[in-house]
Asker: 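Got a structure here, written out as structure tokens. Questions coming.
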Amino acid sequence: MTRRELDAAGITDPALRAAYSRCRELNAAHGKTYFLATRLLPAERRPAVHALYGFARWADDIVDVTAPGTDDGLRRTRLAALQRQLDDGLRRGEGGEPVVAALADTARRYAIDHRLFQDFMTAMRSDLLVTAYPTYADLCGYMHGSAAVIGLQMLPVLGTVVPRKEAAPHAAALGVAFQLTNFLRDVGEDLDRGRVYLPEDLLAGHGVERELLHWCRNTGRQDRRVLAALREFETLTRGVYQQARPGLAMLDPASRPCIRTAYALYGSILDAVARDGHAVLHRRAVVSRRRRATVAAGALVRVAAIRLRRHRSPAPTTSPQAPPADPARPVSEEVV
């Protein structure tokens, strides 16, 4: 975390500053697409976003990036420890573990509904038990906790120009769209972990079973049935992006360049998958540096224009800064 961002956010405690900086490091290392977009936010909002995504990344790493050979029992133990730290941190508004400390502080500052974090942890635990989803509805049940709640957690930080409950369904859809994109890009890697996130009924509609996916993965060969299923999943994902799109205009203007950039870059992953012939069982599709630079440059122009307008015509923002800390204040229920 840069000193400027922490100062702008009013974070002065040295330990807390270090905690937020740890979250920023996690995002820079693991979430390159969204980390780039986050840099387009006003400086005072970036620490909170890094805290939310840093915690999500850390929990996800317990499930997916633990050392090879680690059994599920150890993963469950680590998730249970994280759950206890989370519960204690949210209750006290602070935590001993740095990532939890930053998250708890953000939740307190922005009055984020604690149930969103609990739903997220439920989804993380399910990844240790569930390896397939019979229908898209079943997958959506999982993605409520693993993806939709991330969009809902973000809303108080981003700010809106409409009542938050009006923007909430679109924010949730955007979180789901991003995760569906990751599922499509990472089909091969997830299969190696013993998981298939493409719904079984969608696969079966094209005559695809898990054994066929393994055959393609192991031989490096394509199969027309698998390609048809992957194309259908891509179409489904693009439909969720369209559900999310109206929410972009509902955000505080200062936050729109960030989220529009993330929207464009994640959408570019779908384009890269298609250009690569849907070879996701063999390699990960990547967005070119040129494409990233082009999108980022356009966003920077929009940010500059917003700042220039505000400089010329200062006016109260429709999205207030983080509310003052108040331990007695109930968590917000507007986002559920």
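Keep in mind it's a predicted model, so treat the numbers as computed, not measured.
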Asker: Less than 4.5 Å apart, side chain to side chain, heavy atoms only: is that true for T106 and F55?
Answerer: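 Heavy-atom side-chain distance check fails, nothing below 4.5 Å.
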
Asker: Examine distances only and state if a side-chain atom of R45 and a backbone atom of L158 form a donor-acceptor pair shorter than 3.5 Å.
Answerer: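 Yes.
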
Asker: Less than 4.5 Å apart, any side-chain heavy atom of L213 and any of L203?
Answerer: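 The answer is yes, as the side chains (C-beta and beyond) meet within the 4.5 Å cut-off.
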
Asker: Spell out, as yes or no, whether a donor-acceptor pair under 3.5 Å connects the side chain of R109 to the backbone of A48.
Answerer: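 No, R109 side chain to A48 backbone: no donor-acceptor pair under 3.5 Å.
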
Asker: Quick check on side chain to side chain donor-acceptor pair (under 3.5 Å): which of T131, D64, D190 does R195 satisfy it with?
Answerer: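 Among T131, D64, D190, the one that satisfies the side chain to side chain donor-acceptor pair (under 3.5 Å) with R195 is D64.
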
Asker: Begin from the C-alpha positions of D276 and R284 and carry the test salt bridge (charged side-chain N to carboxylate O under 4.0 Å, His left out) through to its verdict.
Answerer: CA-CA 9 Å; D276 198 32; R284 172 182 282 211; over 6 Å; no

Asker: I'd like to know if the side chain of R210 reaches the main chain of G194, judged simply by a donor and an acceptor atom lying under 3.5 Å from each other, with no hydrogens or angles considered.
Answerer: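 Judged by distance alone, yes, a pair lies under 3.5 Å.
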
Asker: Just verifying a value: how many Å separate L174 CG and H170 NE2, rounded to the nearest 0.5 Å?
Answerer: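 The CG atom of L174 sits 11.0 Å away from the NE2 atom of H170.
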
Asker: Could you walk me through whether D87 and R84 pass the salt bridge (charged side-chain N to carboxylate O under 4.0 Å, His left out) test, one step at a time?
Answerer: CA-CA 5 Å; D87 292 343; R84 290 191 297 271; over 6 Å; no

Asker: Measure the CZ-CG distance between R108 and L90 for me, rounded to the nearest 0.5 Å.
Answerer: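 R108 atom CZ to L90 atom CG measures 11.5 Å (nearest 0.5 Å).
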
Asker: Show your reasoning for whether side chain to side chain contact (heavy atoms under 4.5 Å, CB included) applies to T122 and R125.
Answerer: CA-CA 5 Å; T122 297; R125 287 191 293 271; 3.3 Å; yes

Asker: Nearest 0.5 angstrom please: Q222 CD to H278 NE2, how far?
Answerer: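 That separation rounds to 10.0 Å.
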
Asker: Any idea how H114 and F117 line up, ring-wise: parallel (<30°), tilted (30 to 60°), or perpendicular (>60°)?
Answerer: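 Ring orientation, 0 to 90° scale: tilted.
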
Asker: At their closest point, which heavy atom of D119 faces which heavy atom of H144, and how far apart are they?
Answerer: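 Scanning both residues, the minimum pair turns out to be OD2-NE2, 2.9 Å.
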
Asker: Between R217 and D192, is a salt bridge (charged side-chain N to carboxylate O under 4.0 Å, His left out) present by the stated rule, with each step listed?
Answerer: CA-CA 9 Å; R217 178 73 167 168; D192 291 344; 2.5 Å; yes

Asker: Within the supplied structure, the quantity of interest is the number of heavy atoms (other residues, nucleotides, ligands) at a distance under 6.0 Å from R221 CZ; does it exceed 12?
Answerer: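 Open: at most 12 neighbouring heavy atoms sit under 6.0 Å from CZ of R221.
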
Asker: I'd like to know if L227 and L180 are part of one continuous hydrophobic network [Ile/Leu/Val/Met/Phe/Trp/Tyr, side-chain heavy atoms within less than 4.5 Å].
Answerer: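 As far as the 4.5 Å side-chain criterion goes, L227 and L180 are not connected within one cluster.
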
Asker: With side chain to side chain contact (heavy atoms under 4.5 Å, CB included) as the test, would you mind laying out the steps for L202 and V208 before giving the verdict?
Answerer: CA-CA 9 Å; L202 183 152; V208 177; over 6 Å; no

Asker: Please report the interatomic distance CE(M124) to CG(L82), rounded to the nearest 0.5 Å.
Answerer: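 M124 atom CE to L82 atom CG measures 10.5 Å (nearest 0.5 Å).
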
Asker: Between CG of L40 and CD1 of I259, what distance do you get to the nearest 0.5 Å?
Answerer: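 Separation between the atoms: 9.5 Å.
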
Asker: So, do T235 and R231 sit near enough that their side-chain heavy atoms are less than 4.5 Å apart?
Answerer: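 In short, these two side chains do not touch, never coming nearer than 4.5 Å.
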
Asker: Which residue is it: R17, R46, R39? I am looking for the one with a salt bridge (charged side-chain N to carboxylate O under 4.0 Å, His left out) to E5.
Answerer: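 Only one of R17, R46, R39 forms a salt bridge (charged side-chain N to carboxylate O under 4.0 Å, His left out) with E5, namely R46.
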
Asker: Identify the two heavy atoms, one from D88 and one from R91, that lie closest to each other, and give their separation to 0.1 Å.
Answerer: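 Nearest heavy atoms, D88 then R91: OD1-NH2, 2.7 Å.
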
Asker: Using modelled atom types and a 3.5 Å cut-off, is there a donor and acceptor pairing between side-chain atoms of R22 and backbone atoms of V99?
Answerer: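 Side chain of R22 to backbone of V99: no pair is present.
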
Asker: Answer yes or no: are there more than 12 heavy-atom neighbours, outside R245 itself, under 6.0 Å from its atom CZ?
Answerer: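 Counting neighbours around CZ of R245, 12 or fewer heavy atoms of other residues, nucleotides or ligands fall under 6.0 Å, so no.
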
Asker: Compare every heavy atom of P253 with every heavy atom of V161, then report the nearest pair and how far apart it is.
Answerer: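 Reported closest heavy-atom pair: CG1-CD, 3.9 Å.
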
Asker: Donor-acceptor pair, R256 side chain versus L251 backbone, under 3.5 Å?
Answerer: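 Judged by distance alone, yes, a pair lies under 3.5 Å.
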
Asker: How about W58 and C23: do any of their side-chain heavy atoms sit closer than 4.5 Å?
Answerer: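 The answer is no; the side chains never approach within 4.5 Å.
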
Asker: Evaluate the side-chain proximity of Y266 to R185: yes if any heavy-atom separation is below 4.5 Å, no if none is.
Answerer: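 The answer is no; the side chains never approach within 4.5 Å.
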
Asker: When you group the ILVMFWY residues by side-chain heavy-atom contacts below 4.5 Å and let the links chain together, are I269 and V286 in the same group?
Answerer: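 V286 does not cluster with I269.
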
Asker: For A102 and Y20, work out which heavy atoms get closest and say how close.
Answerer: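 It is O-OH, 3.4 Å.
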
Asker: Drop me the distance from S255's OG to L155's CG, to the nearest 0.5 angstrom.
Answerer: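 Reported value, rounded in 0.5 Å steps: 9.5 Å.
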
Asker: Checking side chain to side chain contact (heavy atoms under 4.5 Å, CB included) for the pair M143/Y136: CA distance, chi angles, key distance, verdict?
Answerer: CA-CA 10 Å; M143 290 191 297; Y136 181 62; 4.2 Å; yes

Asker: Are any non-hydrogen side-chain atoms of I112 and L152 less than 4.5 angstrom apart?
Answerer: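 No. Closest side-chain heavy atoms not under 4.5 Å.
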
Asker: Assess the residue pair R57 and D61 against the criterion (salt bridge (charged side-chain N to carboxylate O under 4.0 Å, His left out)); give the C-alpha distance rounded to whole Å, side-chain angles, the decisive distance to 0.1 Å, and a yes or no.
Answerer: CA-CA 6 Å; R57 181 73 266 173; D61 282 354; 3.1 Å; yes

Asker: What residue pairs, at least two apart or across chains, pass salt bridge (charged side-chain N to carboxylate O under 4.0 Å, His left out) with a residue in residues 133-158?
Answerer: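 Residue pairs passing salt bridge (charged side-chain N to carboxylate O under 4.0 Å, His left out), neighbours aside: none found.
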
Asker: Would you call the rings of Y241 and Y263 parallel, tilted or perpendicular if under 30° counts as parallel and over 60° as perpendicular?
Answerer: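 Y241 vs Y263 ring planes: perpendicular.
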
Asker: Mind listing the closest non-hydrogen atom pair of G89 and A104 along with its distance?
Answerer: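 Reported closest heavy-atom pair: O-CB, 3.3 Å.
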
Asker: When you compare the side chains of N27 and R24, does any donor N or O come within less than 3.5 Å of an acceptor on the partner?
Answerer: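 No - no donor-acceptor pair under 3.5 Å links their side chains.
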
Asker: Shortest non-hydrogen contact from A228 to H206?
Answerer: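 For A228 and H206, the tightest heavy-atom pair comes out as CB-ND1, 3.4 Å.
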
Asker: Can you find a heavy atom in the side chain of Y53 that is under 4.5 Å from one in the side chain of I150?
Answerer: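 SC-SC contact between Y53 and I150 confirmed.
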
Asker: So S21 and H50, do their side chains get closer than 4.5 Å, heavy atoms only?
Answerer: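 Counting from C-beta outward, H50 and S21 never come under 4.5 Å.
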
